[in-house]
Amino acid sequence: MRLTTQQQQQIKSTLQHFFGSGSEIRLFGSRVNDEAAGGDIDLYIEPELTEADQVVEAQLQALAELHQSLGNQKIDLVINRCSGFHLPIYDIAKQQGILL
C-alpha cells in the first residue's frame, strides 16, 4: 500500500467523522500496488448515512478536509449507500481493496 500510516489514519478518521464511525472504508486502485507509481487515492465507502443529501454533504466536507490534510492529491470517493442501486466498481473495490 502506497500510503503512510499517518495518511491511512487521517483518511480513516476523516471519513468516519463525516460518514459515521461504522462506515466501511477501503483503499483500492493503483495505490494498493507497491510496485506502481503515482496515481490518485481511490477510496470506497459504505457509509452509515442513508439519506442522499447527508451523503453529498459528508462527501463535500470530507474531501475538503482530506485535501487540507493530505495536500494536493487527486482523491476519488466511491460511495455505496447499499440502496439497491449497484455498480460494477463496488465489486472491484470490495474484492481488490484494502480495508482501512
Side-chain angles (χ1 to χ4, degrees):
M1 176 186 312
R2 290 183 299 114
L3 289 177
T4 66
T5 301
Q6 182 181 5
Q7 288 172 319
Q8 292 174 49
Q9 291 171 344
Q10 182 64 46
I11 290 167
K12 184 176 179 178
S13 66
T14 299
L15 295 180
Q16 285 181 335
H17 173 75
F18 290 107
F19 289 98
S21 61
S23 299
E24 180 179 325
I25 302 162
R26 292 180 181 269
L27 174 72
F28 71 101
S30 63
R31 289 289 180 122
V32 173
N33 182 352
D34 290 333
E35 304 301 317
D40 53 355
I41 299 173
D42 297 310
L43 299 164
Y44 170 86
I45 306 165
E46 286 183 10
E48 283 188 327
L49 302 176
T50 57
E51 299 299 321
D53 58 336
Q54 293 175 327
V55 171
V56 169
E57 183 66 25
Q59 179 181 14
L60 294 172
Q61 291 178 343
L63 282 171
E65 188 166 308
L66 287 173
H67 284 292
Q68 275 189 328
S69 62
L70 300 177
N72 189 20
Q73 305 220 25
K74 187 166 187 306
I75 302 168
D76 292 328
L77 297 181
V78 174
I79 303 169
N80 180 0
R81 288 181 31 223
C82 301
S83 61
F85 185 75
H86 189 80
L87 296 173
I89 190 68
Y90 299 160
D91 297 328
I92 293 167
K94 290 210 46 133
Q95 290 169 2
Q96 298 176 6
I98 297 174
L99 192 62
L100 295 182

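This structure is a prediction, so every number in the text was calculated from the model and none was measured.
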How long is the gap from [atom1] on [X] to [atom2] on [Y], to the nearest 0.5 Å?
{"X": "Q68", "Y": "T14", "atom1": "CD", "atom2": "OG1", "value": "10.0 Å"}
{"X": "L100", "Y": "I25", "atom1": "CG", "atom2": "CD1", "value": "6.5 Å"}
{"X": "L70", "Y": "I75", "atom1": "CG", "atom2": "CD1", "value": "5.0 Å"}
{"X": "R26", "Y": "I98", "atom1": "CZ", "atom2": "CD1", "value": "9.5 Å"}
{"X": "Q73", "Y": "L66", "atom1": "CD", "atom2": "CG", "value": "10.0 Å"}
{"X": "F85", "Y": "Y90", "atom1": "CZ", "atom2": "OH", "value": "6.5 Å"}

ILVMFWY network linking [X] to [Y], side-chain heavy atoms under 4.5 angstrom:
{"X": "L49", "Y": "F18", "answer": "yes"}
{"X": "L27", "Y": "L63", "answer": "yes"}
{"X": "V55", "Y": "L15", "answer": "yes"}

task = Assess whether side chain to side chain contact (heavy atoms under 4.5 Å, CB included) is satisfied between D42 and R31, documenting all intermediate values.
result = CA-CA 8 Å; D42 297 310; R31 289 289 180 122; over 6 Å; no
query = Which pairs count as side-chain hydrogen bond (donor to acceptor under 3.5 Å, both in side chains) when at least one residue sits in residues 77-86, sequence neighbours excluded?
reply = Y44-N80, H86-D91
Considering all heavy atoms, the nearest S23-I45 contact = CB-CG2, 4.3 Å
Side-chain touch I79/Q59, heavy atoms, less than 4.5 angstrom = yes
key: Side-chain donor or acceptor of S13 paired with backbone N/O of Q10 under 3.5 Å   = yes
inquiry  = Check whether Q8 reaches the backbone of L3 with its side chain - one donor and one acceptor, N or O, closer than 3.5 Å.
reply    = yes
task = Could you go through the side chain to side chain contact (heavy atoms under 4.5 Å, CB included) check for Q54 and F19 one step at a time?
result = CA-CA 9 Å; Q54 293 175 327; F19 289 98; over 6 Å; no
task = Give the other cluster members for L60, using side-chain heavy-atom distances under 4.5 Å between Ile, Leu, Val, Met, Phe, Trp and Tyr residues; answer none if it is isolated.
result = V56
request  = Would you list the pairs meeting salt bridge (Lys or Arg N to Asp or Glu O under 4.0 Å) in which at least one residue belongs to residues 45-66, sequence neighbours left out?
outcome  = E46-K94
